[in-house]
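FYI, the numbering just counts along the sequence from 1.
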Amino acid sequence: MQALYRLVGFDPTKYKLRTELMAGLTTFLTMSYILAVNPDILSSTGMDKGAVFTATALASAIGTLLIAFLAKLPFAQAPSMGINAFFAFTLVMGMGYSWQAALAAVFVEGIIFILLTVFNIREQIVRCIPKNLRFAISAGIGFFIAFIGLKNAGIIVASEATFVTLGAFTPVATLAVIGIILSAVLMVLRVRGALFYSIILCTLIGIPMGVTEIPEGFVPVSLPKSIAPTFLQFDFAALLNLDMALTIFALVFMDIFNTVGTLIGAAAKTEMMDSEGNVRHIKEAMLADAVATSVGAVCGTSTVTTFVESGAGIAEGGRTGMTALATAGLFVVSLFLAPLFLLIPSAATTGALVLVGVLMLSSIQDIDLMDISEAMPSFITVLTMVLTYNIAEGMSLGLISYTLVKLLSGQWRQVSLTLYIVSTLLVLRYIMM
């Protein structure tokens with residue numbers, strides 16, 4: 001047991017095992033929706049839904065295990081929301097590529113990630129992000145996580161007149177509101193595992209409300225679906241053109257900034273981040289992300305990345321790889337208990353997502369708001385992260401605006417050469433879109 005503790009960075013004299021395990025369970029419950037949503041999205045391309053479910057669970061387990069043992073951090077990985085939509089609706093349905101070609105692109109993307117990480121290029125990209133923008137990224141992700149919860153529960157809905165507006169108080173939205181209040185009350189009362197308990201209680205409350213649906217003939221255990229229909233199904237020949245090269249380039253940057261943004265945002269205000277805003281073991285975390293992306297493509301799913309919902313487990317006290325190990329174990333178990341965990345409605349996790357957003361908001365106070373050259377790009381980062389519904393876009397626009405403001409105001413020496421290069425590449429990405 002002591003050897004296992006060392007492998008995941010768990011020191012029993014500093015941390016409590018129950019806290020780490022509870023944090024891992026909370027992270028899993030908060031992000032378990034991916035096991036239902038990802039197969040739905042990718043199966044729209046013609047992929048076998050059962051195989052995609054198994055691929056999603058396996059890739060999530062493997063990626064999270066890599067985080068546990070390589071980086072010893074309490075983060076979890078799974079196929080990225082946003083990039084899976086890009087995979088299905090842009091690459092396959094929009095550009096006309098087969099899903100086999102899309103999987104090949106994801107596999108190559110993962111190999112590029114590995115090379116960038118081994119040669120420390122990704123780490124240099126990360127470290128070029130200014131300190132104030134790192135704090136802005138944390139706050140922006142907090143808003144983004146909360147917005148995800150409110151949107152999934154129907155509390156915030158689309159509007160032709162104002163783009164977004166307050167939705168009707170349906171049973172789903174009402175349950176989500178109950179979850180938000182319940183989560184806040186439990187945290188104010190300092191109940192250990194508050195977010196986890198709020199999820200469980202809301203799931204139970206949702207039964208008489210008709211939100212938690214128990215199907216007829218419900219059986220909680222089933223054998224995993226075969227992965228054969230999507231395993232190693234690559235079409236590399238389709239990659240030999242300029243459009244696909246640009247697509248892989250876009251995938252690289254989306255995953256880099258999704259992962260970096262999540263690591264920086266969720267680690268802020270904890271001992272996982274130093275005074276300069278650098279996340280410890282970030283190279284190992286990025287390597288885990290890179291390997292998981294390629295492994296996920298082999299299994300039959302889109303880009304795997306570090307999940308922002310990891311912040312829920314960190315808020316519960318998770319600080320080491322033991323949290324990630326617990327989450328990975330639950331992904332393995334989910335292969336056999338899919339009918340059971342799918343009972344948890346998304347509305348039941350809304351409270352946890354909103355409260356994580358509240359906790360991450362505190363980093364705003366560390367931004368130098370008196371210096372417009374620092375405050376404006378930070379504001380752009382936070383604002384566009386939410387309004388574009390994309391962490392990567394918020395980071396990209398924040399970095400570009402930072403570079404331009406510093407350059408055009410005569411403060412060009414405050415921008416590193418790496419940031420000039422990254423900003424140039426990001427501008428080119430938008431030009432080529």
Next on the checklist: The test is side chain to side chain contact (heavy atoms under 4.5 Å, CB included); show your working for Gln414 and Glu374 and say whether it passes.
Outcome noted: CA-CA 11 Å; Gln414 296 182 23; Glu374 299 284 341; 4.2 Å; yes
Checklist entry - Yes or no on side chain to side chain contact (heavy atoms under 4.5 Å, CB included) for Val291 and Ile114, after CA distance, side-chain angles and deciding distance? => result CA-CA 7 Å; Val291 174; Ile114 293 172; 4.1 Å; yes
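Across Pro130 and Leu399, no two heavy atoms sit closer than the pair CD-CD2, 4.1 Å. The nearest pair of heavy atoms linking Ala352 to Ile199 is CB-CD1, 4.2 Å. Here the shortest heavy-atom pairing between Ile34 and Ala78 reads CG2-CB, 4.0 Å. Residues Val405 and Met376 come closest through the heavy atom pair CG2-CE, 3.2 Å. Minimum heavy-atom separation, Met47 to Gly300: CE-O, 3.3 Å. When all heavy atoms of Ala71 and Ala285 are compared, the closest pair comes out as CB-N, 3.6 Å.
With rounding to the nearest 0.5 angstrom, the CD atom of Glu316 is 4.5 Å from the OG1 atom of Thr26. Going from atom CG of Leu426 over to atom OG1 of Thr403 covers 8.5 Å, rounded to the nearest 0.5 Å. With values rounded to the nearest 0.5 angstrom, Leu182 atom CG is found 12.5 Å from Tyr197 atom OH. One distance of note links CG of Leu355 with CE of Met187; it measures 5.5 Å at 0.5 Å rounding. Note that the CH2 atom of Trp99 and the OG atom of Ser302 stand 13.0 Å from one another [nearest 0.5 Å]. Taking CG of Leu116 as the reference point, atom CG of Leu287 lies at 11.5 Å (rounded to 0.5 Å).
If you check the side chains of Ser198 and Ser183, you find a donor sitting under 3.5 Å from an acceptor. Under the 3.5 Å distance criterion, with hydrogens and angles disregarded, no donor-acceptor pair is assigned to the side chains of Thr165 and Ser159. Side-chain polar atoms of Glu393 and Tyr430 form a donor-acceptor pair below 3.5 angstrom.
The 12-atom threshold is exceeded at CZ of Phe236, counting heavy atoms of other residues, nucleotides or ligands nearer than 6.0 Å. In this structure, Tyr420 places its OH atom where more than 12 heavy-atom neighbours from other residues, nucleotides or ligands lie under 6.0 Å away.
Contact of the Ser334 side chain with the Leu35 side chain is registered, since non-hydrogen atoms from C-beta on lie closer than 4.5 Å. In this structure, Thr203 and Pro345 have side chains that are in contact, with non-hydrogen atoms separated by less than 4.5 Å. Using a 4.5 Å heavy-atom cutoff, the side chains of Leu407 and Val415 are not in contact. The side-chain heavy atoms of Met31 and Phe331, taken from C-beta on, include a pair separated by under 4.5 Å. Annotation: side chain of Thr320 is not in contact with side chain of Leu73 (no heavy-atom distance under 4.5 Å). The shortest side-chain heavy-atom distance between Val354 and Leu150 falls under the 4.5 Å cut-off. With contacts defined as side-chain heavy-atom distances shorter than 4.5 Å, the pair Thr303/Phe87 does not qualify. Using a 4.5 Å cut-off on side-chain heavy atoms (C-beta onward), Leu195 and Val356 make contact.
Of the possible polar contacts, one joining the Thr293 side chain to the Val304 backbone as a donor-acceptor pair under 3.5 Å is found. For Ser294 (side chain) and Ile111 (main-chain N/O), a donor-acceptor pair under 3.5 Å exists by modelled atom type. A donor-acceptor pair is defined here as one N or O able to donate and one able to accept, closer than 3.5 Å; no such pair exists between the side chain of Ser310 and the backbone of Phe75.
Among Thr54, Thr230, Asn38, the single residue meeting the side chain to side chain donor-acceptor pair (under 3.5 Å) criterion with Thr301 is Asn38. Under the side chain to side chain contact (heavy atoms under 4.5 Å, CB included) test applied with Ser378, the options Asp368, Ile367, Ile137 reduce to a single match, Ile367.
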Return all side-chain donor-acceptor pairs below 3.5 angstrom for residues 322-330, not counting sequence neighbours, or 'none' if the list is empty.
{"unit_1": "Thr323", "atom_1": "OG1", "unit_2": "Glu20", "atom_2": "O", "d": "3.3"}
{"unit_1": "Thr323", "atom_1": "OG1", "unit_2": "Glu20", "atom_2": "OE1", "d": "2.7"}
{"unit_1": "Thr327", "atom_1": "OG1", "unit_2": "Gly24", "atom_2": "O", "d": "2.9"}
{"unit_1": "Thr327", "atom_1": "OG1", "unit_2": "Thr323", "atom_2": "O", "d": "3.1"}

N/O donor-acceptor pairs under 3.5 Å from side chains in residues 58-69, not counting sequence neighbours:
{"unit_1": "Ser60", "atom_1": "OG", "unit_2": "Thr56", "atom_2": "O", "d": "2.7"}
{"unit_1": "Thr64", "atom_1": "OG1", "unit_2": "Ser60", "atom_2": "O", "d": "2.7"}
{"unit_1": "Thr64", "atom_1": "OG1", "unit_2": "Gln77", "atom_2": "N", "d": "3.0"}
{"unit_1": "Thr64", "atom_1": "OG1", "unit_2": "Gln77", "atom_2": "O", "d": "3.3"}

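Using the six-membered ring where Trp is involved, Phe234 and Phe107 have ring planes that are tilted, between 30° and 60° apart.
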